[in-house]
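A quick write-up on the structure given underneath.
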Amino acid sequence: MTNETNINMLWASLIVEELVRSGVSLFVVSPGSRSTPLALAIAENRRATAVVHFDERGAAFFAQGYAKSTGKPCALVCTSGTAAANYLPGIVEACMSCVPLIILTADRPPELRETGANQTIRQPGLYGSYVRWETDIPCPDPAIPPEFVLTTLDQAVSQATRGPMGPVHINCAFREPLAPVSADQEFGSYLKLLARWQHSEQPFTLYTQTQAVPSENGLAFVREKVEKAQRGIIVAGRLRNRAESAAVLQLAETLSWPVFPDIASGLRLGPANWSVIAHYEHLVRAGFFLKRGMPDTVIQLGHPFTSKRLLQQIETHSPDTYVLVTPDAHRYDPMHRVTCRIESSIESFCAAMSSGRDKRRESEWTASLNAASREAERAIGERLGESDSLTEPLVARLISQQIQPGTGLFLANSMPIRDMDAFASAGGAEVTVLVNRGASGIDGNIATAAGFASGLGAPVTAMVGDLAALHDLNSLVLLRNSVAPVKLVVVNNDGGGIFSFLPIAEYRE
């Protein structure tokens with residue numbers, strides 16, 4: 001780095017190198033002039049991989065799909081002005097879904113702000129409360145020690161990856177020259193205190209993070225409630241990986257409790273399991289619990305679930321005990337029914353609850369739910385098998401039956417995720433499911449699927465609605481350049497099919 005042509009290029013190289021050392025290997029770049037030093041530094045770093053996409057909105061969702069599938073932070077790089085503003089929808093979703101993103105927005109120097117200078121907007125604070133942390137890095141200056149750059153990046157990655165994970169914003173101002181023109185500067189003395197860093201591959205500041213584990217008081221409370229429960233259920237919300245899904249199944253088998261698996265839990269699709277009640281949505285709709293008794297104890301593991309009917313039933317028939325377990329301290333309680341909130345990793349909580357317990361005998365409660373779910377599976381199969389034409393439920397069911405094991409399934413919001421949750425076959429191929437249910441927007445679905453395929457390194461099937469596809473046409477180029485095949489299934493329901501289920505549908509005018 002002592003041979004960099006000017007101070008802009010040196011700082012950009014420090015930024016990119018420190019991110020790479022901190023586990024950020026993918027940079028999604030939207031081209032522009034002010035971000036030239038960062039783009040060049042990415043191109044010159046042998047361990048950095050770049051994906052170039054001209055649409056910042058799509059770029060933010062691509063990065064999100066990659067980060068969700070890998071669990072690793074991804075970096076975004078754009079130029080100044082409205083380019084940075086176009087990241088906002090993706091940043092909102094990343095914030096709500098706890099996805100680690102490092103946003104590097106290039107900016108004009110501070111003397112050009114509030115002057116009417118071209119492509120200059122107020123970028124510091126642009127994303128408001130939707131970033132975990134933000135900082136405004138000054139223009140590169142030899143009077144500022146290089147250690148400042150490195151420790152700032154280390155702090156950013158730590159803030160993005162600690163619980164709750166999420167996006168961070170680093171606003172990087174650059175004065176001209178933006179190209180790597182020589183400034184006849186020698187940086188040996190400037191970098192002399194970085195000798196140890198330059199001869200290693202470790203970040204300048206190593207951050208260690210603790211994992212959330214359940215407290216003994218919390219565990220004692222839950223164990224007492226579990227022992228007294230007559231009709232307990234486990235609701236598996238959005239889970240982050242296979243390890244969490246396996247932990248939930250282990251707890252269910254130990255307690256002999258039924259699991260209501262959200263489509264994003266990793267348990268709704270895949271080989272059938274006695275504890276997993278695949279068609280709980282239809283049991284709620286058919287009034288099963290009104291006839292057999294409402295659940296008296298609910299343990300929700302993971303982030304919020306999709307089923308509005310289950311949400312409404314819990315709200316109307318409040319259980320005696322509602323335990324919510326997530327790795328972060330966010331509220332996640334739209335019904336205001338949670339009576340015990342445990343901040344813990346899913347694996348730690350399930351292991352602690354299962355430890356030292358003998359496996360219970362199979363309960364009649366779980367057996368009755370299992371039988372009812374299997375009857376629903378048979379009825380759905382018969383009814384959809386009688387169809388002479390494709391319907392939205394049938395499209396979802398056929399995808400669930402034909403998708404290959406080990407691949408990915410991306411589901412857009414509105415009807416696709418609900419159709420798959422309700423009508424997918426019980427059993428079948430085990431696949432990785434990805435959704436954007438933080439803010440549940442219509443934007444960036446094709447881009448997210450492309451990022452998902454990049455991170456998964458395996459084929460992905462994406463099921464989206466027609467309006468969602470129109471909203472993200474720019475991202476079709478990401479599919480063309482995808483490292484893994486993406487099969488895009490667009491359901492043409494004449495736009496906004498979900499609104500036919502809302503009260504407004506009764507008012508034809």
Side-chain angles (χ1 to χ4, degrees), residues 9 11-32 34-80 83-84 86-91 93-95 97-107 123 126-127 130-137 149-162 165-174 203-204 207 444 447-448 450-452 454-455 478 483:
M9 285 305 305
W11 274 36
S13 296
L14 289 171
I15 289 170
V16 172
E17 176 63 21
E18 193 69 348
L19 286 175
V20 169
R21 293 185 184 203
S22 300
V24 181
S25 58
L26 184 68
F27 294 76
V28 185
V29 182
S30 295
R34 191 59 50 169
S35 55
T36 296
L38 292 169
L40 284 170
I42 294 165
E44 292 175 356
N45 191 301
R46 59 183 176 82
R47 293 189 294 165
T49 300
V51 169
V52 179
H53 187 43
F54 57 85
D55 178 357
E56 287 82 10
R57 185 177 70 172
F61 280 98
F62 179 95
Q64 185 157 183
Y66 175 88
K68 281 182 175 178
S69 62
T70 62
K72 300 194 305 182
C74 183
L76 287 161
V77 178
C78 74
T79 191
S80 62
N86 281 313
Y87 280 154
L88 183 57
I91 289 172
E93 175 62 33
C95 173
S97 292
C98 299
V99 179
L101 297 181
I102 313 294
I103 302 109
L104 299 169
T105 55
D107 198 0
Q123 290 182 200
L126 182 62
Y127 306 121
Y130 290 104
V131 289
R132 300 286 186 259
W133 185 76
E134 64 176 327
T135 190
D136 190 25
I137 292 185
V149 180
L150 301 180
T151 60
T152 299
L153 270 296
D154 295 337
Q155 172 69 189
V157 174
S158 174
Q159 293 286 349
T161 54
R162 67 186 300 179
M165 294 190 292
V168 300
H169 178 207
I170 306 171
N171 193 54
C172 306
F174 291 102
F204 186 85
Y207 281 78
T448 305
F452 179 25
S454 177
L478 290 170
V483 296

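Bear in mind that the values here come from a model prediction, so they are computed numbers and not experimental data.
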Starting at [atom1] of [X], measure out to [atom2] of [Y] and round the result to the nearest 0.5 Å.
X	Y	atom1	atom2	result
Tyr207	Thr161	OH	OG1	10.0 Å
Trp11	Phe174	CH2	CZ	9.0 Å
Ile170	Ile15	CD1	CD1	7.0 Å
Lys72	Tyr66	NZ	OH	4.0 Å
Arg132	Cys98	CZ	SG	5.0 Å
Leu26	Leu76	CG	CG	9.0 Å

State whether the side chain of [X] and the backbone N or O of [Y] hold a donor-acceptor pair below 3.5 Å, judged by distance alone.
X	Y	value
Ser158	Asp154	no
Glu18	Thr151	no
Thr79	Arg34	yes

Exercise. side-chain contact (heavy atoms from CB on, under 4.5 Å) between Met165 and Val99: does it pass, once the steps are laid out?
Worked result: CA-CA 6 Å; Met165 294 190 292; Val99 179; over 6 Å; no

For a quick test of reading the model, state the closest non-hydrogen atom pair linking [X] to [Y] and the distance between them.
X	Y	result
Ile102	Leu19	CG2-CD2, 4.1 Å
Ser97	Glu93	OG-OE2, 2.6 Å
Pro37	Ala12	O-CB, 3.3 Å
Gly451	Ser69	O-OG, 4.2 Å
Pro167	Ile103	CB-CD1, 3.6 Å
Phe62	Ser454	CZ-CB, 3.8 Å

Exercise. Going by atom types alone, do Ser80 and Asp107 pair a side-chain donor with an acceptor below 3.5 Å?
Worked result: no

Problem set entry | His53 versus Ser30, side-chain donor and acceptor atoms under 3.5 Å |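 Side-chain D/A pair, Ser30 to His53: absent.
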
Exercise. For residues 38-51, which residue pairs qualify under side-chain hydrogen bond (donor to acceptor under 3.5 Å, both in side chains), counting only residues two or more places apart or in two chains?
Worked result: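 For residues 38-51, and leaving out neighbouring residues, the side-chain hydrogen bond (donor to acceptor under 3.5 Å, both in side chains) pairs sorted by first residue read Glu17-Asn45, Glu17-Arg47.
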
Problem set entry | Option passing side chain to side chain contact (heavy atoms under 4.5 Å, CB included) with Val51 (candidates Leu478, Val483, Val29) |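 Between Val51 and the candidates, side chain to side chain contact (heavy atoms under 4.5 Å, CB included) is satisfied uniquely by Leu478.
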
Problem set entry | Trace of the side-chain contact (heavy atoms from CB on, under 4.5 Å) decision for Phe61 with Asp55 | CA-CA 10 Å; Phe61 280 98; Asp55 178 357; over 6 Å; no

Between [Y] and [X], is there a side-chain heavy-atom distance shorter than 4.5 Å?
X	Y	result
Gln159	Arg162	yes
Trp133	Gln155	yes
Asn171	Ile137	no
Cys74	Val28	yes
Arg57	Tyr87	no

